[in-house]
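Following: one structure in structure tokens, then a few remarks.
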Amino acid sequence: AASPHSSLHHRQATAMRISARRVCRWASVVIGALAVVVVLRAFLVPQLQMPLEQCQRNEADFIPLSHERLQRLRDCVRFATVSWSAHTYNESELARQRDYLLAAFPAIANATHIKTEIINKYSMLYTWQGQDKDAPAILLASHLDVVPAQDLPSWTHGPFSADVNDGFIYGRGTMDDKVGVLGILEAVNHILVTRGRDFQPHRTVYMAFGHDEEVGGEDGARLIAETLIQRGANIDFLLDEGLTITKGVLDFIPSPIALVGVAEKGNVAVKLTARGKPGHGSMPPKGTSIALLAAAITRLEENPMPAHAGELEKETMGQLAAFMPFVYRLLFANLWLFSPLYKIAMKQQVSTTSIIQTTMAVTMISGGVKHNVIPHEASASLDIRIHPSDTIESVVKHIRDTINDPRVEVEVLSGLQPSPSANWSVSSLPYTALRRSIRQVWPDALVSPGVMIGNTDTHHYWNLTHNIFRFLPTVNAKEDLARFHGIDERVSVDNYENIINFFFHVIWNRHDEAWARVGHMEEDL
């Protein structure tokens, strides 16, 4: 006969097997239900890009790129309005460009309801008084300066030549950001020429062009913003340079993608200073300053800050998911479940990594005074772009915790917190009007909110409106992105024509809002 102990053991084993089977059955049910939900969400993901009728060349309001319009852009590209550092820029060229712009658009200069002001010698502020003084105004911004040109022998066309070749205009400002300045002015000029010098938009339109954006905007946009704040300007939304229309950046989406920057990364400049044992190069001690600094930099590169899949990232990909192949749709329509896979996928390219993560780049390094002398001190500068989910404080803590070496000093030189987010919801008329304007000119473009990874003049306007959008519709393939601040900056002639028409629609969609009143707002979205 079986002993009591063996009988008990048998009953316990049987009970455990039954429990295990029950757990497996329930796990199968849960996993099956989860799979059904994931697949259904992928199948049912809404298409939030309803078709719009494209503006046509034969329409009265289409603005063709005449020789004169093209020439005005080329003339401005030839002004070498370079900014080198804070408060240091090419003043003579900025003055020449300012005077040129004041003379180049007589319809604007002679308009009954437009006031033109020069702010701090070189920046420009236009106020186009609207019919309804109580309606919140729109503010269209761009900047007049450019970055220096480097490696001149590698340019196929001079950086200030404004050469036209194979359908492209070459030179500084063709992407960043004189096309914005000229595109806005051409659109306004067209409205005044076709409707008369007394024409007024429904709401006031401000046009603000700073002259030192590339070095922080302290002498330009900051003073323009202070001027508007002092006057009690009521701003509905601001549109400045920012994200663009890209082709092929996400290989699995064939359509052009127009990401509108509804938030902007912050930045912090950090200096690392390592102090070690000095000495003669023939007798190197352990723990030299350069070795300590190299170790600190290596730790930071091997331990980046965490990637994020927050509300904005989910919205960015969610609005594009319907146009992806099914396997990608499974991922991006279910970021609530697959956010770890999303982060891995986005980290495969530098251009997409910067969207989801705080990035750190070592941009300057110094140390050593003589070939055979081990220096006491070595330093490196970090250019850090802060994701909206992080802060300056969290970034600095990460750096100190990661380096974890008291011999390496971490010093914050300057910083700007990430921006607040604009309203990108269906109920946001400013965002809807902007989205509509994009698709009227580029009907095949997929529009979605996103994060601006660089910094713009917009932080100077934070106290004027929370609805700040960062978008300039230059159309760029993946390989074109290196042209920003790089070699052979250019814009196509056709693209520039479309930029002018885009700004016309931005103005007109807030002047005549009948499309929103009859429900087109919901149809568009």
Taking atom [atom1] of [X] and atom [atom2] of [Y], what is their separation to the nearest 0.5 Å?
X: Arg299; Y: Thr402; atom1: CZ; atom2: OG1; answer: 9.5 Å
X: Ile355; Y: Ile453; atom1: CD1; atom2: CD1; answer: 7.0 Å
X: Arg69; Y: His190; atom1: CZ; atom2: NE2; answer: 7.0 Å
X: Ser85; Y: Asp212; atom1: OG; atom2: CG; answer: 10.5 Å
X: Met305; Y: Thr359; atom1: CE; atom2: OG1; answer: 10.5 Å
X: Lys397; Y: Asp390; atom1: NZ; atom2: CG; answer: 12.5 Å

Less than 4.5 Å apart, side chain to side chain, heavy atoms only: is that true for [X] and [Y]?
X: Gln319; Y: Leu446; result: no
X: Asn501; Y: Gln440; result: no
X: Tyr126; Y: Ile184; result: no
X: Leu144; Y: Leu101; result: yes
X: Leu312; Y: Trp424; result: yes
X: Leu272; Y: Val410; result: yes
X: Phe471; Y: Leu259; result: no
X: Leu434; Y: Leu239; result: yes

Non-hydrogen atoms of [X] and [Y] that approach each other most closely:
X: Ser428; Y: Asn423; value: OG-O, 3.0 Å
X: Pro159; Y: Val77; value: O-CG1, 4.4 Å
X: Lys347; Y: Ala307; value: CE-CB, 3.8 Å
X: Met317; Y: Leu250; value: CE-CD1, 3.9 Å
X: Ser83; Y: Val215; value: CB-CG1, 3.8 Å
X: Leu243; Y: Met452; value: N-SD, 3.7 Å

Checking side-chain polar atoms at under 3.5 Å, does [X] have a donor or acceptor matched by the opposite partner on [Y]?
X: Asp494; Y: Ser492; result: no
X: Asn509; Y: Ser437; result: yes
X: His459; Y: Glu264; result: no
X: Thr465; Y: Asn467; result: no
X: His387; Y: Thr358; result: no
X: Tyr89; Y: Asp219; result: yes

Fit a plane to each ring of [X] and [Y], take the angle between them on a 0 to 90° scale, and name the class: parallel (under 30°), tilted (30 to 60°) or perpendicular (over 60°).
X: His511; Y: Trp508; value: tilted
X: Tyr431; Y: Phe469; value: tilted
X: Phe252; Y: Phe332; value: parallel
X: Trp442; Y: Phe502; value: tilted

Start with the C-alpha distance between Phe160 and Val146, add both sets of side-chain angles, then the distance that settles side-chain contact (heavy atoms from CB on, under 4.5 Å), and finish with yes or no.
CA-CA 10 Å; Phe160 303 104; Val146 298; 4.0 Å; yes
Taking [X] for its side chain and [Y] for its backbone only, find out whether a donor-acceptor pair lies under 3.5 Å.
X: Gln348; Y: Ile344; answer: yes
X: Arg203; Y: Gly130; answer: no
X: Asn455; Y: Lys265; answer: yes
X: Arg385; Y: Asp383; answer: no
X: Glu489; Y: Gly173; answer: yes
X: Asn476; Y: Val491; answer: no
X: Glu313; Y: Gly310; answer: yes
X: Asp145; Y: Glu214; answer: yes
X: Arg74; Y: Ala162; answer: yes

Please identify which of these residues, Arg172, His143, Lys178, meets the side chain to side chain donor-acceptor pair (under 3.5 Å) condition with Thr81.
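Among Arg172, His143, Lys178, the one that satisfies the side chain to side chain donor-acceptor pair (under 3.5 Å) with Thr81 is Lys178.
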Other residues, nucleotides and ligands only: do more than 12 of their heavy atoms fall within 6.0 Å of [atom1] on [X]?
X: Asn463; atom1: CG; answer: no
X: Asp251; atom1: CG; answer: yes
X: Glu226; atom1: CD; answer: yes
X: Lys271; atom1: NZ; answer: no
X: Glu393; atom1: CD; answer: yes

Apply side-chain contact (heavy atoms from CB on, under 4.5 Å) to Leu228 and Leu139, showing your working.
CA-CA 10 Å; Leu228 293 173; Leu139 199 166; 3.6 Å; yes
Thinking salt bridges, do Lys247 and Asp480 make one under a 4.0 Å N-O criterion?
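Salt bridge absent between Lys247 and Asp480.
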Take Tyr496 and Glu186 through the side-chain contact (heavy atoms from CB on, under 4.5 Å) test and state the conclusion after the steps.
CA-CA 11 Å; Tyr496 180 51; Glu186 293 289 1; 3.8 Å; yes
Ser381/Thr363 under side-chain contact (heavy atoms from CB on, under 4.5 Å): CA gap, chis, key distance, verdict
CA-CA 6 Å; Ser381 295; Thr363 54; 4.1 Å; yes
